[in-house]
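Input: a single structure, listed below in C-alpha cells.
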Amino acid sequence: MMNYLSRLFLIISFIVLGCMCGLYYHYSITKTNSVVSVSSFHDQKQATLFFYDKKGCHEDTISFFGSEVVAQDCFYLISQWLMHAWHKRFIDVPIKCESVIIDPEGTTIFVSFDYSFLNKEWPIFVKINVINSVLKTLHTYHQSLQYVYFLVRHEPFVDPHIDSICPFASTGY
Amino acid sequence: MVLVLMINIFAKDSISVIFHPTTTFINPGRTTSKFFERDAAISMMNALELAVKKSNTHITIIHIVQPGTTELIDHASLINQINPTLTIFFSAYSISDPLPECGIYSYAWSTFIPSTSFTDIFFISEVDAYRVSQKKTYYMMTELNKLLMTSGHYWSRIIFSSFPLVTLRGITVPALLIEIGIPEEGFDYNEYGALLADAFVKIIQ
C-alpha cells in the first residue's frame with residue numbers, strides 16, 4: 001500500500017513539475033516577444049491614403065505605431081491602402097501585400113502583391129488613377145522614394161496596357 | 001481576312017495613316033467579354049476614316065485589319081515597312097455618362113531587351129529610328145491634345161499621358177493609342193469621327 005502511494009506521489013510530482021516548467025517556458029517566451037515588439041515600435045505616426053477616381057482625389061488619414069524600419073512602415077501603409085481600397089470597391093478583389101523591400105540608397109522600393117491590383121479590363125485611365133493613388137500614398141509618407149516597382153509574386157505583373165518592367169516615378173503621372 | 005491597301009505608300013511625299021482597332025492584340029480580356037467595346041472601336045475607326053476621306057486631303061488610309069472582323073494580326077514589321085506618317089490604335093470602353101471621354105497615349109518602347117534572339121538584335125539596330133519616331137509621336141500627341149482641348153465641350157474628359165504603356169515591340173514608327181469612353185446609347189460616331197479627323201488632318205499635314 002505504502003509502495004503504491006509513494007509511486008502515486010512520484011507521478012503527481014512529475015506532473016506538477018512538468019506543468020510548472022511549461023508555465024515558465026510560456027512566460028519566458030511571451031516576455032521575450034513583448035520586449036521585441038515594444039522595442040521595434042517607437043512612436044505613433046499618421047499617414048494619408050489617397051484614392052483618385054473620376055470625381056477627383058479622396059483622402060483617408062490613418063494612425064499607426066511607426067517602426068524604425070521604413071520598409072515595415074511602407075508595408076503597413078500599403079496593406080492599409082489595399083484594405084481601404086477593397087472596402088471602397090476601388091479595387092475588384094481583396095489583395096494582400098506580400099513583401100516590401102527598399103534598396104540600400106533608399107530611393108527605390110519593390111512592392112510585391114499576391115495578385116495584380118489592376119483589372120486587365122479596366123480602361124487605361126482607371127489603371128493610371130489606381131497606380132497614382134498608391135504612388136501618391138507612398139511618396140507623401142516617404143518623400144525620398146523616387147522609383148516604385150510593382151510586382152506580383154515577386155515578378156513583373158502582366159497587363160495588356162501597363163508596362164511594369166520599368167519602375168514608376170513615385171511622384172506619379 | 002487581311003486587307004492591305006498600299007496605294008502611294010512608298011512615294012516620299014505621301015502622307016499615310018494606319019487606323020487599327022485594338023482587339024485581341026492589345027486587350028484580349030476586354031474585347032472578348034464585351035462585344036460593345038469591340039464594335040464601338042471598329043465603328044469609331046470607320047467614322048474617322050469616312051471623315052478623313054471627306055476632307056479632300058491626300059492622306060492614304062491603310063487597314064491592317066478588315067473592319068467588321070475580329071481577326072487580328074501582329075504586323076509590327078509590316079507597319080515599319082509601310083512606314084506611315086502616323087499609326088493610330090483605337091480602343092473603346094463603355095461609360096454611363098452622356099458625354100464621351102478621350103484618352104491619348106503615346107507608345108514608348110523600352111530599351112529593356114530580355115533575350116538576345118535574332119529578332120531582338122534587329123530591334124537594337126532600330127533604336128535610333130525609334131527615337132526619332134518617339135519625338136515625332138510626342139509632338140503629334142501634344143498638338144492633338146491642344147486641338148482637342150479647344151473642343152472641350154464635346155468631351156467630359158480629355159486625358160493626355162505618356163504613361164509607360166506596354167511595349168508595342170518592334171514598331172518604330174510614330175504610334176498613338178486613342179482610348180475613347182463611349183456612351184452605350186445616343187453616341188454619334190460620325191460627329192466624333194469628324195471631330196477627330198479634323199484634328200488628325202491638322203497635325204499630320
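Below, chains carry the letters A, B, ... as their sequence lines are ordered, and counting in each starts from 1. Note that these values count all heavy atoms, side chains included, but never hydrogens, waters or copies made by symmetry. Since the model is a prediction, treat every value here as computed from it, not as a measurement.
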**Study point:** Approximate separation, where rounding is to 0.5 Å, of A/Ile128 CD1 and B/Ile159 CD1
**Key:** 7.0 Å
Revision key, fill the gap. When the 4.5 angstrom heavy-atom criterion is applied to B/Ile95 and chain A, the contacting part is side chain
Check your understanding: salt bridge (charged side-chain N to carboxylate O under 4.0 Å, His left out): which pairs involve residues 97-115 of chain A, sequence neighbours left out?
Key -> A/Glu98-A/Arg153
Review point. Can you check whether A/Pro123's main-chain N or O pairs, donor with acceptor, with B/Glu179's side chain at less than 3.5 Å?
Key: no
Review point. When you look at CZ of A/Phe157, are more than 12 heavy atoms from neighbouring residues, nucleotides or ligands closer to it than 6.0 Å?
Key: yes
Exercise for review: Scan for salt bridge (charged side-chain N to carboxylate O under 4.0 Å, His left out) pairs involving residues 164-173 of chain A, sequence neighbours excluded, and state none if there are none.
Suggested key: none
Point to revise | NZ/A/Lys88: more than 12 non-hydrogen atoms of other groups inside 6.0 Å | key: yes
Study note, to complete from the structure: Tightest non-hydrogen contact, residues A/Phe125 and B/Tyr105, listed as N-OH, 3.6 Å
